[in-house]
Every structure is written in structure tokens, then in C-alpha cells.
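For the numbers below, each heavy atom of this structure counts, side chains included, while hydrogens, waters and symmetry mates do not. Numbers restart at 1 for each chain; the letters A, B, ... are given by sequence-line order, proteins then strands.
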Amino acid sequence: MSAPLLQMRNLRVTFPGPRGPVQVVKGVSFDLGRERLGIVGESGSGKSMTGRSILRLLKPPAKVETDLLRFDGMDLDQLSEKQMRAVRGARISMVMQDPKFSLNPVMTIGTQIAEALRVHEKLPRREIEARVITMLEQVRIDDPRRVVKLYPHEVSGGMGQRVMIAMMLIPQPDILIADEPTSALDVSVQAQVLDLIEAMIAKNGMGLILISHDLELVARYCDRVLVMHRGRVVEELAAGRLHEARHPYTKGLLAAVPQMDERRAILPVLDRAAEYET
Amino acid sequence: MSCALEIEGLFVRYGRDDVVRDVSFAIETGESYALVGESGSGKSTILRAIVGMARDWRGVIRVDGRDRVNRIDRQFARHCQMVFQDPYASLHPRRTVNDTLTEPLKIHGIGARDARVIAMMEDVGLDPRFRFRFPHQLSGGQRQRVAIARALMLEPKLLLLDEPTSALDVSVQAEILNLLVRLRAERDLTYLLVTHSLPVVGFLCDRLGVLRYGQLVEEAPVERLRAGTFATAYAQELYGASLGGGDRSGATVVAET
Amino acid sequence: MVDLRNTEADAATEGDTRKAGRMGALALWLTDDAPASRVQAQAGQAYAIARSFARNPLAMLGAFIVGLLIVVALFAPWLAPYSPVGQNLEMRLMPPSAEHWLGTDELGRDILSRIIHGARITLLIVVMVALISAPIGLLIGAVAGYFGGWVDRILMAITDVFLSLPKLIMALAFVAALGAGLQNAIIAIAITAWPAYARIARAETLTFRKSEFIAAVELQGASNLRIIGIHVLPLCMSSTIIRVTLDMAGIILTAAGLGFLGLGAQPPLPEWGAMISRGRSFILDQWWVATMPGFAIIIVSLGFCFLGDGLRDVLDPRQRDGR
Ligand SMILES: Nc1ncnc2c1ncn2[C@@H]1O[C@H](COP(=O)(O)OP(=O)(O)OP(=O)(O)O)[C@@H](O)[C@H]1O
Ligand SMILES: Nc1ncnc2c1ncn2[C@@H]1O[C@H](COP(=O)(O)OP(=O)(O)OP(=O)(O)O)[C@@H](O)[C@H]1O
Ligand SMILES: [Mg+2]
Ligand SMILES: [Mg+2]
């Protein structure tokens with residue numbers, strides 16, 4: 001097997017807390033080839049921090065340390081900020097968790113997507129417009145000509161998420177890090193959007209890191225799954241065998257999902273008593 | 001008769017286009033009703049029209065027997081409140097939990113604020129230690145509890161919930177769903193829930209309406225959802241997709257950029 | 001239920017407790033993660049900001065300079081070795097010496113004492129301008145951004161008219177119309193300063209005008225006045241404070257410019273700009289007369305710039321990472 005696209009060894013992320021440093025990611029390692037890797041875990045387990053560290057998006061006071069962070073032969077942690085900018089977006093892109101938070105509230109959707117394209121390629125204006133429209137169509141937005149003129153607060157929650165995805169896919173990156181990309185989408189659109197990503201993986205040999213709390217989704221769309229809990233990877237599984245998980249935490253997560261023919265009066269929850277300390 | 005909410009022939013418009021077209025449904029007092037449908041089908045817009053945030057609508061909206069006018073008013077605020085989709089965006093970043101929860105009481109000149117806030121926090125399962133924290137010091141699930149508590153401060157009878165759990169992870173979702181079930185039983189609330197997750201509907205609701213392109217295509221009791229026997233093809237398709245594995249053949253999209 | 005308590009010991013929490021043992025009671029109170037009152041919560045917030053501010057050396061330098069300006073202004077009569085207006089014609093234009101550290105001017109007045117007393121005028125100008133222009137700008141900007149539509153268009157049209165004229169020239173015109181003097185100079189500068197704050201406050205308001213937390217208070221039936229005053233303004237505050245601090249240098253320079261032209265503080269008031277103006281006739285032979293107040297202006301202006309930059313780093317949420 002050839003060298004993996006991305007190698008990460010022993011990632012640690014530390015924030016200065018009011019009472020001394022707090023480590024929120026405590027040594028995460030993985031390799032990513034041209035494959036689909038899922039990261040699941042509850043809120044606050046460090047999933048997003050892991051994703052953001054790859055792109056070096058964490059700014060001080062956050063402290064990020066790795067023993068190794070290599071992408072396509074480059075040591076990402078050695079690159080200058082300028083070289084890093086060339087990697088971000090063009091070669092590795094990330095769909096952020098909160099679309100409304102990540103989109104510029106005073107710029108139209110069309111302008112923002114065009115911006116993402118323009119940064120990496122010089123194209124005539126006509127062409128850019130056409131590419132933006134095609135991309136929006138591909139993420140299943142009906143009537144893209146109307147949507148490009150809207151501001152973020154004028155689109156529905158799910159449309160905002162798809163706009164983010166369009167923005168990130170348009171430069172055709174090598175790795176896509178998708179942080180809860182479809183949490184506001186209904187299942188059928190969710191399936192279509194993920195199929196689009198899947199098709200791009202098949203076509204361009206892209207690598208995908210799918211961060212999600214939706215276990216079903218991850219099981220369906222990934223090859224491998226890492227389960228994170230409080231900053232550590234507690235279990236690594238082949239996606240198809242998620243239901244054979246042994247770690248009590250993973251089992252707890254699985255039990256908490258409501259079923260279609262739900263007849264339980266209350267759903268089982270994880271005991272968070274210990275975590276109220278934070 | 002007792003209808004908490006009646007909607008007849010509702011059209012809602014943004015700019016020149018109607019995004020909700022001729023929607024009618026009614027919710028009985030104490031019932032829990034879900035609106036499902038694909039993204040952009042106008043679910044949130046219906047809620048926004050009910051509370052008066054979307055102003056350009058025609059038709060009839062009757063809350064507790066009274067016709068709605070198309071603006072926000074104080075009396076209505078005490079009867080009906082809304083919980084928003086995104087717990088990260090729906091709390092003021094510079095106000096503590098306590099400020100957020102006392103605000104509705106101040107607006108309506110209600111006294112005994114401390115006691116009410118403490119009682120409400122207990123009701124929604126928020127530890128009293130969080131009372132003077134800022135939103136960024138809370139987790140997503142805790143924030144959503146604050147948002148629910150805020151909506152309940154004025155003791156409304158009708159609660160509009162716009163995807164209350166879609167931004168939360170499954171374990172927190174389970175907590176919030178349990179909380180909603182308990183609160184409804186304790187306080188005789190009526191819910192209008194917008195969601196894209198059919199299992200959540202199955203857990204929380206009695207009836208559901210399926211929206212598509214701004215129109216209501218089917219109404220069904222939750223038993224039909226559990227059995228998976230919808231009358232219309234679209235609803236059945238939605239159901240199939242939710243079951244998992246489902247709708248992947250109908251969605252073959254090829255990346256061509 | 002799945003019990004997670006025993007699956008893993010949380011190293012960070014342990015670290016917390018150990019570190020906590022070494023902290024004072026006050027610091028413990030300030031960093032309590034379950035504050036018992038609003039006061040404690042806000043003090044804790046301020047403490048966190050102060051701590052991250054303290055990590056930035058330039059910002060600390062700025063704070064030190066500004067602090068020094070305030071102390072000097074407050075205690076000027078006690079700090080100044082001589083009277084700022086007392087003339088001594090025998091000691092005219094003396095170079096810096098042990099007796100007169102910064103030398104004397106053409107009327108034999110001690111320059112150090114004049115600069116020390118001048119700090120009061122500078123501080124007065126800066127504080128008054130900020131107190132007049134910032135609230136006006138904030139309010140106009142927040143109202144325009146919140147209501148939008150024609151309210152916005154009218155208010156911003158007015159703002160733009162003011163913004164399109166060069167500041168110093170507009171201040172000059174106002175002083176010329178109102179008459180020379182310190183008070184009129186302050187008013188004139190304030191009139192030229194508010195439009196920038198209105199623009200900032202409006203831009204800031206627009207970014208969260210449609211957000212759900214504002215919608216939530218609207219739904220509770222809050223009046224527009226209440227929403228703007230309690231919910232909108234506090235969010236515009238930090239960017240305005242940053243901008244005001246950064247503008248301080250400009251305000252000092254404008255005031256000095258007016259003083260230099262004889263339109264600001266009138267003699268014998270030891271205003272720094274006026275001092276430069278009088279010293280310029282001796283600039284070649286008695287350089288210290290004009291240069292010393294010039295240094296004072298530069299140092300204080302830089303101090304405000306550093307402070308503003310530091311404040312931006314700690315107050316502006318966009319500069320901080322995460323939410
Ligand atoms: N700026 C910050 N300062 C201190 N701690 C932070 C900061 N940002 C995040 N954290 C902490 O880092 C931890 C990991 O956060 P992260 O966003 O990676 O969680 P997540 O797994 O993505 O959760 P979610 O599912 O809610 O998105 C959390 O416990 C959080 O409180
Ligand atoms: N302020 C607005 N101005 C113009 N169009 C708007 C505005 N708000 C919403 N829309 C449009 O109305 C339509 C319905 O939006 P709505 O928010 O009701 O969808 P939704 O069913 O809640 O979808 P989701 O599940 O994605 O949240 C969308 O096409 C959206 O673009
Ligand atoms: Mg996250
Ligand atoms: Mg919606």
C-alpha cells in the first residue's frame with residue numbers, strides 16, 4: 001500500500017483554562033488514505049478540534065502539538081502560514097459545523113461561493129457564475145438562480161448547510177473534512193449530498209473525514225469509524241460492524257438513538273454526572 | 001371544541017414568491033403535532049408566520065380560538081413561544097443564563113423572579129451552578145435546555161419547536177426528547193414540532209403533517225408512521241429514506257464540475 | 001444507564017485541582033466555574049479578559065502609558081516642579097539641565113511642568129470627546145442597523161455626509177464658526193468623530209440583526225427601545241471601545257493641530273499643540289521648546305494605539321478562536 005494521504009500521530013490540543021491548561025484532545029492518531037473515515041462521539045469530545053487542527057485553524061491561545069502531521073509528503077506543522085493558505089481550501093477543505101456562523105451574514109450566497117472559487121482559479125466572470133449555479137444544483141438546491149441572490153438569513157437551515165458544502169467542494173480538494181455537514185438536512189437530501197461527496201471520492205480519489213454524531217449515517221457512508229470520548233479515541237471499528245461495538249460508551253450512544261417504531265417511554269441517556277465537573 | 005391552533009388556507013410569501021401555499025391543519029389542545037418535509041419546504045416559515053416573524057401571509061391562523069394579526073404582540077407572547085433550531089445562535093452571547101431567563105419576566109412585569117428562575121432551571125434539568133454562566137461556558141445540550149426554559153418562563157400553552165435537537169448529538173438529543181415528553185405531561189403543553197427526523201416524530205408526537213414545496217401533502221397519525229403505511233408516494237419515499245440504506249438508488253448524483 | 005465515571009480518570013480535572021491549591025482566594029472566586037451571582041460572573045469575565053490582555057506585552061506597554069497619563073494628570077500640581085504659568089524672564093530658553101529637566105521656553109517657564117499640566121488638558125479633551133461622540137455614534141448606528149429600511153437610509157446619509165469631509169478641516173470650520181477655545185475645540189472634534197462609530201455600530205448590528213437570540217426577545221414582546229438598549233448595544237460596545245481607543249491618537253493630534261493653529265486651548269494654558277506652535281520659531285537654536293511637547297504627543301498617541309490593538313485582541317470575538 002502506498003503512503004497514506006494524511007498521517008497524524010499523537011495530536012494534543014490544549015486551551016489555557018482559568019485554572020491552568022486544559023487538554024481537550026489527548027493524543028489522537030490516525031492515517032487517512034483515499035477513503036472515508038468517520039469520527040463520532042458526543043458533544044465536546046474533541047471531534048471538531050481534531051478536524052480544525054489538521055488545517056491549523058486553531059489560533060492561540062489554543063496550543064496544538066503533534067508528533068507527526070504529514071499530508072502528501074508535506075509536514076503540515078512545518079509549513080509557513082503562507083504555504084498553509086495554499087493548502088487550505090485548494091487541497092484540504094473543511095465544512096464547518098455551524099453554517100450560519102461560518103457564512104458571512106452581510107454577503108450574498110452567490111458572492112461567497114464565487115469568492116471561494118476565485119481564490120484558487122482565475123476564471124472569467126461568466127464561467128464563475130455558471131460554475132456556482134452548477135454546484136448549487138449538485139447539492140440539490142432547487143432554483144439556484146434565486147438562491148445566489150439571497151443572504152444567509154434568508155435561506156433555510158438546510159440550504160445554508162448545502163451552501164457551505166458547495167463552497168468547499170467547488171475547488172475540488174484532495175481531502176474534505178466535513179464537520180456535521182448534514183445535521184440540518186432531511187434524510188433524502190442528506191443522502192443525495194453524501195452521494196455527491198461519494199461520487200467525488202470515486203472520481204477524484206478524494207479522502208473524506210466525516211465528523212458526525214449520527215451513528216447510522218457514519219456507518220452507512222464510511223469505511224472506518226473512530227469513536228472519540230473526552231479527547232481520546234476509545235474505539236476503532238469497521239463501519240459495517242458498528243453494532244458490534246464493545247466499549248460501553250459506544251454502546252450507550254447506540255442505545256440513545258430513537259427507532260422508527262419507537263415504543264420506549266423514555267430513551268436511555270449517558271450518565272454525565274462525572275462531566276459536570278467541566 | 002378545543003383547538004390550540006388552527007391554520008386554514010395559509011399562504012406565506014417572501015418577496016414575490018409564495019413559499020407556503022394553501023396549508024391547512026389543526027392541532028387539538030394537548031396534542032403533539034409534527035411537521036416534516038424536506039429542507040426548504042417551508043416548515044420554519046409556517047412557524048415564523050404563526051409567531052409574526054414572517055409578516056406577509058394570507059389565510060387564517062387561529063391560536064386558541066383567536067385570530068392572529070400579523071405582528072408580534074405581548075399578549076400572544078404569554079400564550080405561545082418558540083424554541084429555535086440552533087442552540088448556538090439562539091442565546092445572547094453576553095448575557096448569563098440568569099439574564100436570559102429573567103428577561104421575559106421583566107418584559108411582562110412578573111415578580112418573584114429569582115424563585116421562578118430557580119424553579120424553572122430545576123424543571124428543565126439544569127444544575128443551579130449554571131445560573132450565572134455565559135452561553136459559551138455551556139455545552140450544546142445545556143444551551144438548548146436554557147432555550148427551552150426561556151420559552152417556558154411565560155408559562156405558554158403552545159410551544160413551537162423548530163428542530164430542537166438537530167444540532168445536538170444523539171445522547172444529548174435523547175435527554176432533550178425525554179425532557180420534552182416530561183414537560184408536556186406535567187404542564188399540559190401543546191407542541192408543534194418541526195423536524196426532519198421521523199424517529200423523533202415517532203417518539204414525541206401523536207400526528208404528523210408532511211410538507212413538500214410549501215404544500216401539505218399528507219396528514220397521518222403516528223401509528224401509520226410506525227407501521228410505515230403512508231397514503232402518498234412522497235411520504236412513503238421519505239419514510240423509506242429514513243429507514244436507512246433506503247433511498248440511495250433514487251439519488252444517483254454524479255459530480256460534474 | 002451507562003456509567004462513564006470509572007472508565008477514565010480525567011487528567012485535566014486533576015491538574016485543575018492541583019493548580020487551584022496554589023491560587024489565592026480571590027483568584028479562586030474569580031475563576032469559579034459556577035458563579036453564585038451576576039457580579040461574580042462579570043468579575044470572572046473581566047478577570048479572564050484581563051489575564052489574556054496581560055499576556056500581550058505591547059498592550060501592557062500601552063496600558064502603562066495611558067495609566068501614566070492619567071496619574072500625571074490627576075496629580076499634576078504635586079508632580080510638577082514649577083508652576084506651569086509662572087514666568088521667569090531671566091531663565092528664558094534654557095536648555096535641559098538638572099534644574100529644568102526639559103529646559104524652559106521663551107518666557108522662562110519650565111517645560112516639564114507645562115507638559116505635566118498639559119496632560120490634564122489632553123486627558124480632558126480625549127475623555128470629553130469619547131464621552132460625547134461614542135454614545136451618539138453607537139446609538140445612531142444601532143438604531144439604523146436595527147430598524148433598517150428608510151430609517152437606516154436617512155441616518156446613514158447624514159453619517160456619510162460627515163464622513164466624506166476631512167476631519168481636521170471640518171473641525172477647523174466648526175471652531176471658526178463657534179469661536180476659538182478649548183470647549184469649542186472639544187465640541188468640534190466630537191462632531192467629527194461620531195460618524196465612524198455610527199458606521200461600526202451599524203455594521204456590527206447588521207451581523208446579528210437577524211439572529212435567533214434577537215428574534216427570541218422580540219417574540220417575548222420586548223419593546224424596540226428595550227431590545228436596542230439591552231440586547232443590541234452591548235454587542236456593539238466592544239468594537240466601538242476598540243475603535244475609540246485607536247482613534248484617541250487621532251483626537252490628540254487634531255486637538256494639537258487646533259492648538260497649533262491657535263484655535264484650541266488659549267494661552268497661557270499649557271496645551272501641547274499650542275506649545276509646539278510657540279516653539280517653532282526657535283526650532284533651530286532651541287530645539288527642546290518644540291520637541292519636548294512633540295515627544296509627549298507621540299508617546300501618548302502610541303500608548304493609545306498599543307492599548308487599542310491589545311483590546312482588539314481580547315475583546316473582539318472574531319480574533320479569538322472558537323465560538
Ligand atoms: N476556545 C476554547 N477555550 C476553551 N475550551 C474550548 C474552546 N473551544 C472548545 N473548547 C473545548 O474543547 C472541547 C472539544 O470541543 P469540540 O468542538 O472539538 O467538540 P466536538 O466533539 O466537536 O463537539 P460537538 O459535537 O458539540 O461539536 C470541548 O470540551 C470544548 O469545551
Ligand atoms: N427572509 C427570507 N427571504 C427570502 N426567502 C426566504 C426567507 N426566509 C426563507 N426563505 C425561503 O423560504 C423557503 C422555505 O424556507 P424555510 O426556512 O421555511 O424552510 P424549512 O422547511 O424550514 O427548511 P429546513 O429544514 O432546511 O430548515 C426557502 O426556499 C428559503 O429560501
Ligand atoms: Mg463539533
Ligand atoms: Mg428550518
- Item | Steps toward side-chain hydrogen bond (donor to acceptor under 3.5 Å, both in side chains) verdict (B:S39, A:R162) | CA-CA 10 Å; B:S39 165; A:R162 281 176 283 168; 2.8 Å; yes
- Query: Between B:Y213 and chain A, which part of the residue has a heavy atom less than 4.5 Å away: side chain, backbone, both or neither?
  - Reply: side chain
- Item | Heavy-atom neighbours of A:R145 CZ exceed 12 at 6.0 Å | no
- Item | Toward chain A, the part of B:D162 with a non-hydrogen atom under 4.5 Å | neither
- Item | Heavy-atom contact with chain A under 4.5 Å, split by part of B:E38 | both
- Task: Please state whether the side chain, the backbone, both or neither of B:L177 comes within less than 4.5 Å of a heavy atom of chain A.
- Result: side chain
